[in-house]
Amino acid sequence: MNPLPGYLLVAALLFAIGLAGALTRRNAILVLIGIELMLNAANLNLIAFWRYGPHPEALTGFLFAIFSIAVAAAEAAVGLGLVISIHRHLRTTDIDAMNRMKG
Amino acid sequence: MIEKLDQVFILLRDWLVQFLPADWQAIAATVLNVIAIIAVFPTLFAIVTVMERKGLGRMQNRFGPNRVGPFGLFQPVADGIKALTKEDVVPLCADTVVHFLAPLVLVVAVFMGFSVLPMGRNMVLADMDAGLLFFFAMGASTELSVFMAGWSSRNKYSLLGAMRAVAQMISYEVPLLMSSLAAVMTAGSLSLSRIVDAQNRYTFGLPHWYVFTPWGFAGLVLFSIAAMAETNRSPFDLPEGESEIVAGYFTEYSGFKFALFFLGEYVGMFSIAGLGATLFLGGWSAPLAILKWVPSWIWFFGKLMVAMCLFIWIRGTMPRLRQDQLMNFAWKFVIPMTLVNLLVAALWRFIGPGWTRWVVCWAILIGVYVLMGETILRKRHLGPRSYRYAE
Amino acid sequence: MTPVFCIVALFTLAGGLAAVTLKNTVHCALALTVALAGLALFFLRLDAQFVGFAQILIYIGAVAILVVFAILLTRSSEPEASGGIVSSRWLAGVIIAAAVFAVLGWAILRSAPALAHESAAPAVTVHQIGTALMGRYVLPLEIVALLLTSALIGAVIVAMHENGSAK
Amino acid sequence: MAVDEKLKIELGKQGVFVTTLQELYNWGRRSSIWPMQFGLACCAIEMIATTMARYDMARFGAEVFRPSPRQADLMIVSGTVTKKMAPQVVRLYNQMAEPKYVIAMGACAISGGPFKQGYNVLKGIDRYIPVDVHIPGCPPRPEALLHAFITLQKKIDEQHLTGEERPPHLDGGAQGEFPVPEYGEHDLEPPSNPGVWPVPITIR
Amino acid sequence: MKSIEEIKSAIEAAVSGARVGIVPNGSPSGQHSLLLDPQHAVAVAKFLRDDKELQLDFLSNATGVDWLDKEITEKVKVTRPVTKTVDGVDQTMEETVEETRKHVQPGYLEAVYHLYSMARKHGPVILRMRTGNRTDQVELPSLTPVWRSAEFQEREIFDLFGIVFTGHPDLRRILMWDNFKDHPMRRDYVEPDDFEYEPTAHDEVLARAAAHRAARQGSAVAAAEANAGAER
Amino acid sequence: MSNVGLQAEATAASGREEGWNRPRTLTPEGELLEVAMGPHHPSTHGVFRMDVALDGERVIRLKPVFGYLHRNHEKLAEGMAYLASMPFTDRLDYICSLTNNWAYALAVEKLVGQEVPERAQYLRVILAELTRIVNHASSVGFLIQEMGASGTPLMYAFREREKILDLFESLTGARMMCNYMRFGGCRVDASAAWLDATRKVVAGLPRFADEFENLLCTNEILMARCQGIGILRPELAVNAGVTGPLLRASGVNYDIRKVDRYGIYDRFRFRVPLGDHWDVYDRFMVRLLELRESIGILEQALKEIPAGPIMDAKAKLRGFRPKAGEAYGRIEAPKGELGFYLISDGGPNPYRYRVRPPSLINLTILEDMCLGEHLADVVLIFGSVDIVLGEVDR
Amino acid sequence: MTLSPYFSLTVLFVAALAFGLTPLGLAWLWGRAFSPAKPNATKNAIYECGLESRGDAWMQFRPAYYLYAIIFLIFDVEAVFLLPFAVVFTGLGYAACLSMLVFVLLLVEGLAWAWAKGVLTWE
Amino acid sequence: MLGEGLLKGLAETARNFAGSFVSEERLTTVQYPEERVAPIENTRDFPFLVYDGDDWHAGMRCVACQICEKECPPKCIYIEKSKDKKPDFTGKPQIYPARFDIDISVCMSCQICVEVCPFEAIKMDTEFELSTTDRFGGLLLDKKQLSRSNEHYHKIHPTEAAEVDARLAEEKAKAEAKAKAAAAAKAAAPVAAPAKPAAEAGKPAAAPKPEGPAASPQKAAENKPESPAKAEQGGASGS
């Protein structure tokens with residue numbers, strides 16, 4: 001049997017978990033963790049599609065995944081930097097509190 | 001005969017597995033390889049601890065351990081038994097699970113590093129194409145274990161030590177990677193076996209080790225500095241800087257968990273020293289063509305031991321740096337130097353054979369080194385002083 | 001659906017689930033590393049050795065460290081005294097996530113037969129990657145460099161302590 | 001190895017497993033006594049001198065001075081224990097992992113020594129914690145500390161793994177915690193720990 | 001360096017209202033000291049530190065002394081009218097009699113400062129200040145603002161003798177723990193009775209220890225020991 | 001000068017009423033970390049405690065806490081005869097028992113106006129300078145130990161110390177607690193053999209000093225750690241009563257051997273090294289240079305030592321009752337000015353017995369030197385003050 | 001039959017884990033059999049130089065750590081791109097090398113910027 | 001240049017490392033239980049009571065004058081006088097200590113008891129291997145445990161012991177001469193003051209009055225130097 005749908009399912013589940021985390025947690029850092037999970041789920045898709053795609057030797061998906069990792073890392077750095085910056089001003093990492101205080 | 005001696009472990013393994021059914025042979029061979037790694041390096045750890053204690057003793061005009069067993073050789077055995085039977089204290093408010101996992105993560109991560117190191121001709125567990133990357137990936141994981149240990153203890157000294165350790169390890173991981181890149185650029189592979197193969201050639205009986213090129217020498221020095229920092233060895237042993245923060249991140253560890261940290265640190269040293277030997281000192285290759293008959297694994301472990309002796313020697317001599325100096329040294333000296341070294345390695349290739357490249361490369365390296373060194377000293381007004389006297 | 005696949009999937013999903021549900025933020029970060037390590041194993045299984053190792057190097061070696069530093073910096077390892085760990089709109093979040101998964105899962109299962117395209121494992125060497133990077137992908141490479149540099153500068157500026165706000 | 005191989009084999013034949021284990025255990029413990037890096041007063045200097053080149057305590061494998069009590073086996077109470085310091089000493093002792101040993105080094109640690117009539121001096125650390133070996137002297141010579149160390153090794157060697165005579169650390173019922181005294185308005189509260197310090201009876 | 005009398009007059013000239021006494025010293029060391037009144041002590045100290053000739057910039061030693069209440073027995077010649085019968089006639093006449101009088105000289109606490117000059121390399125000049133008594137009037141001005149080296153030493157005096165230094169930046173106990181109640185260097189301080197066992201007892205310690213134990217345990221043995229101690 | 005006083009007021013006042021139990025403060029930089037270093041800490045030379053508040057790794061407050069070795073030396077001495085206090089002085093600064101002996105003997109000799117024979121003076125100088133060498137070598141060794149040098153310099157220092165302690169032992173009978181000097185002289189005379197042995201040891205000392213200097217003085221790590229750290233300005237040093245090498249490293253020329261010319265120090269030629277940068281490195285170097293000067297004094301003293309009695313003929317051992325009065329005697333101990341202040345009421349015991357401990361008073365400026373430095377530097381600065389707890393807490 | 005290298009890695013992983021767990025398990029067994037653990041409140045309190053620990057160690061740290069972590073992360077990512085480049089370096093022409101030089105220089109510029117901004121100066 | 005100092009330091013430790021294999025100077029360890037540092041004559045550790053002859057009780061020099069007990073700074077000596085008397089080394093009946101305890105767990109080895117003892121009865125031992133697991137049994141020494149023969153004293157402090165012997169012999173000779181003279185006087189004039197010589201003889205020659213001993217330790221202090229010339233002199237005068 002073709003294993004591709006399995007990988008895709010795992011990726012979808014991971015994506016959903018990440019999404020749920022990002023939407024439900026109060027702590028901004030955990031929201032970012034959720035987003036990381038979603039990005040990685042996407043990465044898994046990229047690699048899986050590359051591996052079981054029509055032209056694995058072209059390395060497109062493969063390199064795309066590498067670039068994606070790089071971008072995700074940059075995203076994490078900036079995102080967490082923002083959280084720290086907000087925390088410095090508002091003394092909280094609580095999303096709800098941030099909402100209340102920003103006005 | 002000599003070839004047989006060189007391959008004695010391989011032959012022994014193959015001889016052992018031949019009694020098994022064919023399907024199992026490969027698996028058994030792997031298991032035997034792994035067992036060898038798991039057996040050899042802890043033993044080496046034991047030997048090196050005794051060596052270190054005795055060597056430091058000799059440097060300090062004394063004997064060092066010499067009563068437990070012949071010449072004190074059983075000292076680590078006793079230490080092991082003691083650690084094994086010691087009570088395991090976990091602080092009540094500590095994070096028990098993470099506290100338990102931290103030493104395991106460390107031990108696993110440092111052992112995994114050996115899987116790609118060629119310890120002799122044909123003696124590599126997993127010769128992967130991205131071997132070097134794997135090695136660094138495993139090295140990066142040790143940082144996490146250090147953090148886990150320090151954080152989970154919920155002790156101020158531990159956490160401070162862990163934060164120091166992590167900051168230090170991430171800072172020196174960059175130069176470690178960058179300095180090895182120079183060797184990769186010339187060898188053209190991330191597979192450590194192929195890097196050794198690239199150096200295992202001789203001209204006039206002299207080897208083509210990378211250390212004998214300007215960029216290789218500089219690379220080795222930078223690599224050693226980064227390696228010492230990466231393994232928290234003196235003079236970079238701040239994380240366990242006992243004069244300030246008691247015992248650093250393992251302050252709250254007792255019994256065998258502490259021993260595992262100790263072991264992890266030393267085994268980490270072996271792996272990183274092995275990597276250094278592989279990248280710049282030709283791994284298992286002999287230093288002279290006429291010495292090629294000596295089994296390759298002797299060379300590998302010999303180089304490892306030399307590196308250990310160097311570590312011990314430096315530990316016996318030098319005081320430790322301060323955190324800010326350590327960080328500044330990494331980012332403002334070592335990393336720029338490694339970048340320059342990369343450039344020099346590139347130049348080395350583009351200038352092509354001939355004496356010009358020797359002159360140019362050495363000139364650049366020495367010039368940059370002296371310039372940066374003097375700048376550091378002058379900027380911070382460091383230097384020997386003269387004193388005045390009152391009669 | 002080999003056993004190895006199942007174990008790794010379980011491992012990854014459990015890590016991911018723990019990462020978003022645990023109470024202690026540092027535990028969440030550690031669980032995240034577990035999930036990411038699981039993903040790295042998936043990459044290895046998918047014959048993307050380089051990506052797998054790079055994943056470990058970057059995510060476990062660097063991103064995880066960044067996350068725990070951020071947690072310690074913002075002192076959010078202790079659960080807040082007031083209120084729970086979840087935001088006020090948690091129910092909506094869970095429902096949305098479930099809906100997304102339902103849609104995705106449905107799409108995957110529907111198209112599963114169409115995806116059948118068994119191909120031989122490609123042997124991707126680092127050399128090939130290097131050639132590709134230096135060749136076809138040299139422009140994206142430069143753009144990534146630009147992105148990384150700007151991310152570095154941006155993140156540092158954002159996180160750096162502004163002189164104005166110093167007491 | 002210190003455990004005589006022949007003896008071990010012979011005992012193994014007889015099925016005296018515990019004895020061999022006991023010997024191995026005692027040998028391991030006594031060959032690897034890591035002291036705590038803990039100095040109080042004058043005697044601490046002689047303790048340091050003991051680890052230095054001339055006397056070299058490292059020969060016994062005991063140079064690994066651990067700053068953290070978790071990893072230390074031996075507490076050398078080297079010097080005067082004042083009432084202000086006593087709670088800390090007792091707490092540190094409590095924080096050491098079993099098995100742990102105490103050497104009271106010097107007159108002050110044993111009895112308050114020359115300073116025993118002072119208002120802030122504890123009259124011997126054995127009022128609060130059990131002491132294994134006492135070294136008289138003010139301060140004891142480094143050799144005396146080595147001698148005490150050897151005495152401690154002998155004591156460890158004689159300990160039984162099981163049975164009634166086993167040392168307290170192997171006895172689950174034995175006392176594990178030694179109450180940390182508190183600062184009172186005039187003196188420590190309590191002034192001694194009756195569980196450790198049964199006041200000796202002497203009639204003159 | 002100036003003699004002590006010269007210093008005294010220099011101080012009195014420079015600091016108006018300052019009363020300075022000289023406390024003579026009977027020992028061959030000849031280190032006489034100046035007795036300052038607490039009101040002007042800080043001003044005098046500043047003068048001593050800043051005066052060009054003296055420049056006593058270095059406060060070497062500061063310490064307390066506890067002088068107990070002294071019962072002074074002195075023989076006084078008293079002249080008083082005495083009615084005597086002389087030759088059968090009552091006569092009032094003055095008569096000088098010697099009688100012994102006892103009076104209690106109230107004790108006081110004393111702070112002693114030894115000053116030197118690092119700039120001029122001379123010294124010592126010794127200052128003394130006395131409290132009103134040993135119980136409630138125990139305040140003296142702190143010289144820490146003038147010489148930083150008094151900081152810990154005055155804390156120590158406060159801790160051990162109980163002199164309260166007004167104007168001291170950080171007057172806490174230094175050697176004993178914070179909730180300790182007594183001032184142990186005072187001469188009438190009674191040590192806590194914790195001599196439970198003394199193998200070679202002296203100074204009535206053995207009896208004390210035995211009594212202590214008898215009180216605590218009430219055991220026959222302890223009582224016997226108390227007897228033994230009492231015999232000794 | 002008055003500036004100094006004001007400055008001292010300001011610094012001292014800044015620490016007012018900031019006890020240990022302060023609520024946690026938040027600064028924009030992050031949270032203050034309050035760490036107790038000691039009483040059991042590997043680098044506090046015994047049982048000293050510093051309550052440090054850190055902003056990151058920078059010290060923003062440091063409160064020394066004393067008393068963990070308060071052994072009631074003064075109280076005990078007031079209850080016993082003058083002579084009986086002599087062995088107790090050994091235990092003040094337990095690395096330098098002989099200089100303590102000398103300071104106490106000097107104070108008592110002042111109190112009763114006693115003369116000391118010439119040979120005894122020479123012996124005192126020889127022993128005091130040997131003690132100074134022991135102290136300075138081990139103090140430097142401890143300093144480097146705190147810098148994390150795995151004990152090698154300390155081992156070398158103790159190697160030499162053992163040689164000198166052997167000399168002490170063969171003359172006085174004890175390694176550390178010598179109890180050698182008496183009021184009006186010394187207890188036993190030195191034999192010719194002892195003097196020869198001393199000459200031999202002294203002849204070997206310059207080589208040791210060279211070794212130390214090679215090992216340490218130009219070591220880049222040591223320079224980076226020590227130079228520019230823990231600066232103590234001379235005005236503050238004088239005002240805070242700092243003495244000894246610490247003061248001279250701040251550039252103040254004040255050596256009691258030169259100022260008071262006690263004993264027979266006016267007969268020897270020696271120089272006083274002074275620091276110009278006022279930092280830890282200067283203190284370290286001033287100690288090493290003083291060590292060399294001490295070797296010079298020893299060579300002179302060993303050459304010139306005359307024959308003769310070693311005790312004042314009028315000296316009494318028992319029944320010693322000075323007449324009422326007081327005296328303050330001080331010497332240049334290795335750690336600074338060690339003074340004894342004695343009040344006699346004519347009885348066999350001193351009425352008041354006070355030790356002026358250099359270690360305690362040198363610690364006055366510990367906080368001033370540490371503010372703004374790193375946690376790791378605190379250890380170094382503390383080490384460079386060179387204290388012994390027996391003397392701080394007495 | 002050749003096994004994938006991952007098999008070796010897995011075996012090594014399991015063995016290393018066992019290597020760590022076995023002694024811990026043995027120590028636990030030893031404790032059960034002979035030497036019972038004696039936890040108590042003082043022993044299991046946090047060690048702080050013999051004093052009672054005050055204040056929580058899980059406290060807020062300073063941003064300096066984070067800044068280093070950012071730069072490290074960026075360089076780590078850079079290394080992932082540099083490694084393939086280094087592998088093919090021997091066969092590369094000037095143009096490719098120049099493009100890599102630009103890549104490196106861009107990141108060095110970030111480093112230089114951070115240096116100039118004083119980010120690399122540890123306080 | 002950066003690193004120069006480090007290399008110098010490395011060279012220094014390397015020299016010591018290599019030197020430790022060839023030179024005594026660089027390997028100073030004395031392996032204690034087997035090897036020992038050469039005994040130093042003046043070494044002192046804990047006091048002991050000297051006795052002459054073979055019987056520790058009969059030959060004990062101590063006369064329980066309690067001076068050491070009073071002068072001992074840490075107060076670690078405990079003496080009870082006997083009710084009866086026994087003859088001392090000159091043959092005169094003397095009080096002896098019924099109980100003489102020293103708690104060496106308190107003793108600070110200051111030697112003041114030796115200095116103040118007018119009878120040369122208490123001396124300092126060099127024994128230091130006294131570590132014990134028994135706090136009271138091992139460290140509270142009674143007079144039997146404290147007694148050491150004069151031979152032992154000679155073994156550990158030969159110079160000092162020779163001087164002491166010489167002095168004692170002198171005193172003994174004097175006492176005998178005096179006794180002889182007294183006996184002769186008694187024989188010559190049996191009526192004249194019979195009590196006086198007996199009383200004189202009853203007192204120890206060295207310490208006739210309580211203030212007397214103040215001079216004696218002084219003498220001891222002056223005579224203690226290791227100078228072999230003096231020792232010889234003492235020995236000569238003794239013989």
Side-chain angles (χ1 to χ4, degrees), chain B residues 49-50 52-91 94 153 155 157-158 161 240-259 261-262, chain D residues 1-3 5 21-34 36-38 49-74 92 94-101 142 146 149-150 153 156 159 161 167 169-170 172 176-177:
Chain B
T49 49
V50 181
E52 170 156 24
R53 287 162 77 171
K54 288 176 88 83
L56 274 183
R58 288 286 177 170
M59 269 178 227
Q60 298 166 345
N61 314 129
R62 58 191 176 87
F63 282 105
N66 67 355
R67 326 208 128 220
V68 183
F71 305 106
L73 284 178
F74 289 161
Q75 189 63 53
V77 181
D79 286 342
I81 292 174
K82 196 273 306 276
L84 209 56
T85 55
K86 193 101 175 129
E87 186 188 5
D88 181 25
V89 180
V90 183
S153 300
N155 177 315
Y157 306 111
S158 299
E240 59 240 55
E242 59 190 38
S243 53
E244 302 126 41
I245 48 169
V246 189
Y249 54 85
F250 45 68
T251 302
E252 293 287 0
Y253 278 88
S254 63
F256 213 86
K257 283 186 199 161
F258 167 67
F261 270 110
F262 215 62
Chain D
M1 212 180 278
V3 179
E5 287 296 331
L21 201 61
Q22 173 179 311
E23 297 220 344
L24 197 66
Y25 176 55
N26 287 345
W27 172 80
R29 279 193 302 152
R30 80 167 157 77
S31 306
S32 163
I33 298 178
W34 293 358
M36 184 152 70
Q37 201 169 15
F38 177 70
T50 315
T51 62
M52 294 290 158
R54 168 84 75 91
Y55 302 102
D56 193 18
M57 206 149 134
R59 290 177 292 123
F60 299 90
E63 90 273 37
V64 195
F65 273 75
R66 296 306 310 172
S68 165
R70 312 291 189 192
Q71 298 136 19
D73 309 299
L74 168 65
L92 282 174
N94 273 321
Q95 289 187 344
M96 286 165 71
E98 302 275 4
K100 51 191 171 187
Y101 324 102
L146 289 179
F149 193 80
I150 296 165
Q153 288 188 328
I156 293 173
Q159 285 177 345
L161 191 53
H169 77 268
L170 297 178
E177 185 180 14

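For the numbers below, each heavy atom of this structure counts, side chains included, while hydrogens, waters and symmetry mates do not. Quick caveat, the model's predicted, so the values are computed rather than measured. Quick note on labels: first sequence line is chain A, next is B, and so on, each numbered from 1.
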A.B. asks: Without swapping roles, check the side chain of B:Glu87 against the backbone of D:Pro99 for a donor-acceptor pair under 3.5 Å.
C.D. replies: no
A.B. asks: Using every non-hydrogen atom in the two residues, find where B:Ile81 and D:Tyr25 come nearest and quote the distance to one decimal.
C.D. replies: CG2-CA, 4.4 Å
A.B. asks: Check whether any side-chain heavy atom of B:Lys86 lies under 4.5 Å from a side-chain heavy atom of D:Asp73, and answer yes or no.
C.D. replies: yes
A.B. asks: Take the angle between the ring planes of D:Trp34 and B:Phe262 and call it parallel below 30°, perpendicular above 60°, tilted in between.
C.D. replies: tilted
A.B. asks: What option among D:Gly61, D:Ala72, D:Ala62 has the most heavy-atom pairs under 4.5 Å with chain B?
C.D. replies: D:Gly61
A.B. asks: So which of D:Met52, D:Arg59, D:Arg54 has the largest heavy-atom pair count under 4.5 angstrom toward chain B?
C.D. replies: D:Arg59
A.B. asks: Identify the heavy atoms of D:Gln71 and B:Tyr253 that sit nearest to each other, and give their distance.
C.D. replies: NE2-O, 2.9 Å
A.B. asks: Without swapping roles, check the side chain of B:Gln75 against the backbone of D:Ser31 for a donor-acceptor pair under 3.5 Å.
C.D. replies: yes
A.B. asks: Report which part of B:Phe258 has an atom under 4.5 Å of a heavy atom belonging to chain D: side chain, backbone, both, or neither.
C.D. replies: side chain
A.B. asks: Considering heavy atoms only, which positions within residues 55-62 of chain B lie below 4.5 Å of chain D?
C.D. replies: B:Gln60, B:Asn61, B:Arg62
A.B. asks: One pair to check against side chain to side chain contact (heavy atoms under 4.5 Å, CB included): B:Val89 and D:Gln95. What are the steps and the verdict?
C.D. replies: CA-CA 8 Å; B:Val89 180; D:Gln95 289 187 344; over 6 Å; no
A.B. asks: Mind ranking D:Arg29, D:Glu63, D:His169 by heavy-atom pairs under 4.5 Å with chain B and telling me who comes out on top?
C.D. replies: D:Glu63
A.B. asks: Say you draw a straight line from CG of D:Asp56 to CG of B:Asn66; how long is it, rounded to the nearest 0.5 Å?
C.D. replies: 7.5 Å
A.B. asks: Can any side-chain N or O of D:Arg70 pair as donor or acceptor with the backbone N or O of B:Phe250 at less than 3.5 Å?
C.D. replies: no
